[in-house]
Amino acid sequence: MATPIRMAQVIKNVSLSEIVAISATHARVQMDLDIAEDYAERMAQGDVFPAVVVYHDGQVYHLADGFHRFRAAQVLGRESILAEVRPGTQRDAVLCAAQSNAAHGLQRSRADKVRAVEMLLNDSEWTMWSDREIARQTRVSHPFVAKVRARASGNVTRSERLVRRVNHEYQMDIRGLQADKAVNINELSVVEDHDAGESTLANVGALEEAVEPVFTSQVGDNAALIAHAARLYIPDRADVADITYGKGVFWRSVDTQGFKSFHPSDLLTLPDQQHDFRDLPYADESMDVVIFDPPYVHNPGALIVEANYRNAETTGGMFHDDIIELYREGMHESMRILRVGGTLWVKCKDEIESSIQRWSHIELYEIARGMGLYAKDLFILTQNARPYIQHVQKHARKNHSYLWIFERRPSRLD
Ligand SMILES: C[S@@+](CC[C@H](N)C(=O)[O-])C[C@H]1O[C@@H](n2cnc3c(N)ncnc32)[C@H](O)[C@@H]1O
């Protein structure tokens with residue numbers, strides 16, 4: 001049933017100017033500019049990347065796989081890129097793109113999966129395929145395909161229709177993007193893309209999110225912070241481990257039922273899942289998201305110890321360096337259970353020890369970098385309540401904490 005992949009392929013350098021890289025064959029809703037930039041840096045340092053995949057129709061090469069590598073080469077002002085050249089048309093590139101991204105280390109967002117399904121639904125022949133066949137091609141579940149198909153066939157809300165119309169006029173096209181503009185998404189050339197046809201639901205999702213942005217800083221509580229970050233960083237059907245569950249305050253505003261699996265554990269508060277975060281019972285590379293919120297200050301004292309956190313019980317006699325060491329060990333174990341492309345969320349707070357500033361969030365950043373993690377984002381939470389000031393102030397009283405989102409980078413490349 002599937003269009004057979006023709007195997008007469010060669011690997012050679014192809015001029016960037018001959019490669020057509022348009023949204024119609026890009027199976028991701030948006031380019032991750034951080035990744036493209038990172039690839040560019042690594043290319044500049046001499047790292048060898050796998051060939052991108054292009055389809056040659058006799059005139060131009062249609063990019064099917066490797067948009068981030070292509071972009072990185074543009075950023076560097078390269079003339080050409082190593083490409084696996086297959087004979088075929090833009091349509092072949094679309095099918096290849098819809099199939100390929102599921103196999104890569106870079107995790108697909110829900111919107112990416114919708115996009116892959118829609119790439120097939122938008123084709124007059126492929127749309128006749130059964131939900132199961134489209135699911136097989138795009139590596140999603142068949143109920144997921146059914147849902148996207150139903151919505152695409154007209155069962156959409158008024159706001160979706162509105163965004164569709166707007167989006168139809170502004171399909172993104174990165175053809176001919178100049179290297180000096182490539183790192184700034186605001187400067188992407190925006191043109192009408194007739195080939196893309198009706199706008200995609202995936203892009204509708206992206207635009208709707210743009211209406212309700214996720215910000216880096218907020219005033220509130222941990223539950224609101226986690227719900228906020230989850231919108232961006234917990235993918236659909238994720239395997240999630242909270243290895244310092246405490247009393248589950250983090251999850252008060254998140255529907256954990258939507259996860260594929262949820263694994264709470266704690267040394268003190270969960271007798272049935274009593275696991276030390278330095279020695280977890282999970283398999284290597286089995287989680288998409290690991291949440292880590294250990295006791296974050298040394299010698300918390302009576303004022304800070306409260307029913308939810310019980311920090312003093314596990315940190316008696318510890319100094320700041322011991323706390324950081326505890327973090328290091330937990331992060332190391334988290335890395336083990338994290339899938340490539342998954343994220344490790346580390347909650348922390350700076351502190352003052354013996355009148356000296358201890359910038360925990362910077363120390364943890366260095367540790368994460370040393371482990372090969374990429375600092376994907378940093379959220380700052382300012383507490384609602386006015387903090388109690390005990391004594392004459394020598395430093396500004398800290399009333400904020402941090403949430404790092406570290407990403408385990410793919411070993412295979414997009
Ligand atoms: C700051 S609290 C976490 C609060 C939690 N995020 C919540 O939403 O309620 C720190 C938690 O880490 C747990 N903990 C401390 N040392 C641990 C260890 N070695 N392994 C597992 N859990 C530990 C404590 O029992 C405590 O519940």
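Computed from heavy atoms alone, side chains included, the values below leave out hydrogens, waters and symmetry copies. Just so you know, these numbers come straight off a predicted model, no measurement behind them. Order of appearance sets the numbers: ligands from 1, and atoms from 1 within every ligand.
Remark: among candidates Ile291, Leu280, Asp276, the nearest residue to atom 19 (N) of ligand 1 is Asp276, based on non-hydrogen atoms. The closest heavy-atom contact to atom 25 (O) of ligand 1, among the options Leu267, Asp266, Asp242, Thr244, comes from Asp266.
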(Q) Go through it in stages, so that I can follow the logic: the residues are Tyr374 and Asp38, the test is side chain to side chain donor-acceptor pair (under 3.5 Å), and I'd like the CA-CA distance, side-chain angles, deciding distance and then a yes or no. (A) CA-CA 10 Å; Tyr374 165 67; Asp38 181 54; over 6 Å; no

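Atoms of ligand 1 found under 4.0 Å from any heavy atom of His275, numbered from 1 in the order shown, are 20 (N), 21 (C). Those atoms of ligand 1 that come under 4.0 Å of a heavy atom in Leu268, given as number and element, are 25 (O). Atoms of ligand 1 found under 4.0 Å from any heavy atom of Val249 (numbered from 1 in listed order, with element): 7 (C), 8 (O), 9 (O). For ligand 1, the atoms closer than 4.0 angstrom to any heavy atom of Gly246 are 9 (O), 27 (O).
Note: an N/O pair closer than 3.5 Å links Phe250 and ligand 1 by distance alone. For Tyr245, a nitrogen or oxygen atom sits less than 3.5 Å from a nitrogen or oxygen atom of ligand 1, counting backbone and side chain alike.
Counting heavy atoms under 4.0 Å from ligand 1, residue Arg278 touches it through the side chain alone.
In this structure, Tyr296 has its ring center no closer than 6.0 Å to that of Tyr327.
The cationic group of Arg136 does not satisfy the cation-pi geometry with Trp129, failing either the under 6.0 Å distance to the six-membered ring centre or the 45° limit from the ring axis.
Among all heavy-atom pairs drawn from Arg409 and Gly372, the shortest one is CG-O, 4.2 Å. In plain terms, the two heavy atoms of Thr269 and Pro271 that are nearest each other are O-CD, 3.4 Å.
The only option from Gln383, Glu351, Gln357 that meets the side chain to side chain donor-acceptor pair (under 3.5 Å) definition with Lys398 turns out to be Gln357.
A parallel orientation is assigned to the rings of Tyr402 and His361, their planes being inclined by less than 30° (bins at 30° and 60°).
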